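The structure presented is a predicted model; accordingly, all values stated were derived computationally and were not measured. Heavy-atom basis, side chains included; hydrogens, waters and symmetry copies ignored.
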Amino acid sequence: KGNTTTALTGKRILAVDDHPVNLSLIATLLHNMGAEALTAASGQAALAITQSENVDLILLDIQMPGMDGIEACQQIRQQAHFKSKTGAVLTADVLAGQKEKILSSGFDGYLTKPVRTEDLTALFQCKTKPTKQHTAPVLDDKLLALLNKTLHEDQTRLQQAIKAKD
């Protein structure tokens with residue numbers, strides 16, 4: 001961390017991810033940026049933490065078993081002291097339309113994995129829906145169709161190989 005001061009220095013940030021390695025990486029990144037990282041491995045655990053702890057920012061993985069990130073965000077937003085807090089999604093899902101769906105469900109920001117320090121800083125400084133974020137490329141319809149076709153062909157070949165015991 002050194003003597004570097006960032007927009008996150010001294011802030012309490014809740015990171016929520018069901019994959020322990022991802023959660024550890026995010027917590028380390030936050031710590032290195034001067035933030036106090038609280039962690040939760042599920043949406044239910046995040047909800048429990050927000051009922052007893054004050055945090056400045058919440059980073060939620062979208063795809064978690066049980067209560068997913070969207071449901072967790074909506075339930076957390078119902079708590080009076082979290083209505084004005086910043087909540088952001090962390091996801092590897094970059095399909096076309098997903099970002100808009102996530103932002104319209106109550107999140108203030110959308111960050112793709114792997115998370116970059118400048119994106120976290122920008123998100124916290126804005127406290128509104130970011131207008132410019134680093135995200136992995138979004139798959140356009142043609143590329144998505146090609147990907148689906150290729151996946152289908154691979155699946156067919158795999159099923160044929162299994163039947164032929166090849």
Side-chain angles (χ1 to χ4, degrees), residues 1-77 79 81-140 143-144:
K1 178 167 85 168
N3 294 327
T4 305
T5 300
T6 72
L8 301 181
T9 300
K11 303 301 179 191
R12 297 185 85 207
I13 300 174
L14 174 59
V16 186
D17 198 307
D18 61 314
H19 293 284
V21 172
N22 291 344
L23 196 54
S24 178
L25 288 171
I26 295 165
T28 300
L29 176 65
L30 292 170
H31 175 75
N32 289 344
M33 294 177 71
E36 177 186 349
L38 290 85
T39 60
S42 69
Q44 294 92 338
L47 189 57
I49 289 171
T50 59
Q51 290 170 345
S52 63
E53 299 284 342
N54 187 27
V55 299
D56 300 296
L57 174 66
I58 303 169
L59 302 172
L60 284 155
D61 181 23
I62 217 54
Q63 296 179 346
M64 296 183 289
M67 182 186 298
D68 68 15
I70 291 175
E71 184 181 349
C73 178
Q74 291 169 341
Q75 288 195 28
I76 290 168
R77 288 277 190 215
Q79 299 174 29
H81 60 289
F82 276 97
K83 291 190 186 300
S84 63
K85 299 289 182 179
T86 301
V89 142
L90 287 175
T91 185
D93 189 358
V94 291
L95 296 177
Q98 188 69 17
K99 180 177 179 177
E100 292 76 19
K101 177 183 174 189
I102 289 168
L103 293 175
S104 69
S105 68
F107 288 96
D108 299 305
Y110 180 97
L111 301 174
T112 56
K113 296 174 186 176
V115 177
R116 300 179 331 156
T117 56
E118 53 267 31
D119 294 336
L120 276 171
T121 301
L123 176 69
F124 189 78
Q125 287 174 333
C126 287
K127 290 245 186 187
T128 59
K129 293 179 182 172
T131 56
K132 183 178 180 184
Q133 285 291 325
H134 164 74
T135 58
V138 174
L139 300 177
D140 65 24
L143 188 54
L144 188 56

Problem set entry | Value rounded to 0.5 Å, distance of CD1 in I58 from CZ in R77 | 7.0 Å

Problem set entry | Which atom of Q63 lies closest to which atom of D18, heavy atoms considered | O-OD1, 3.4 Å

For this session: Identify the heavy atoms of A45 and A40 that sit nearest to each other, and give their distance.
Result: CB-CB, 3.8 Å

Problem set entry | T50 vs L14, side chain to side chain contact (heavy atoms under 4.5 Å, CB included): CA-CA, chis, key distance, verdict | CA-CA 9 Å; T50 59; L14 174 59; 3.7 Å; yes

Exercise. Looking at CD of Q74 and CE of M67, how far apart are the two atoms once the value is rounded to the nearest 0.5 Å?
Worked result: 10.5 Å

Exercise. Hey, mind stepping through L38 and E53 against side chain to side chain contact (heavy atoms under 4.5 Å, CB included) and telling me if it holds?
Worked result: CA-CA 9 Å; L38 290 85; E53 299 284 342; 4.0 Å; yes

Exercise. Nearest heavy-atom pair of R12 and E36: which atoms, and what distance?
Worked result: NE-OE1, 3.2 Å

Exercise. Where do L47 and Q75 come nearest, in terms of heavy atoms and distance?
Worked result: CD2-OE1, 3.0 Å

For this session: Enter the distance from D68:CG to S42:OG here, rounded to the nearest 0.5 Å.
Result: 11.5 Å

Exercise. Which of these, T28, L29, L30, sits in a side-chain contact (heavy atoms from CB on, under 4.5 Å) with I26?
Worked result: L30

Seminar exercise, completed: side-chain contact (heavy atoms from CB on, under 4.5 Å) test vs L23 passes for just one of T39, D61, L59, V16, namely T39

Problem set entry | Spacing of OG belonging to S24 relative to CG belonging to D17, to within rounding of 0.5 Å | 11.0 Å

Problem set entry | Heavy-atom pair of closest approach, residues L60 and G69 | CD1-O, 3.8 Å

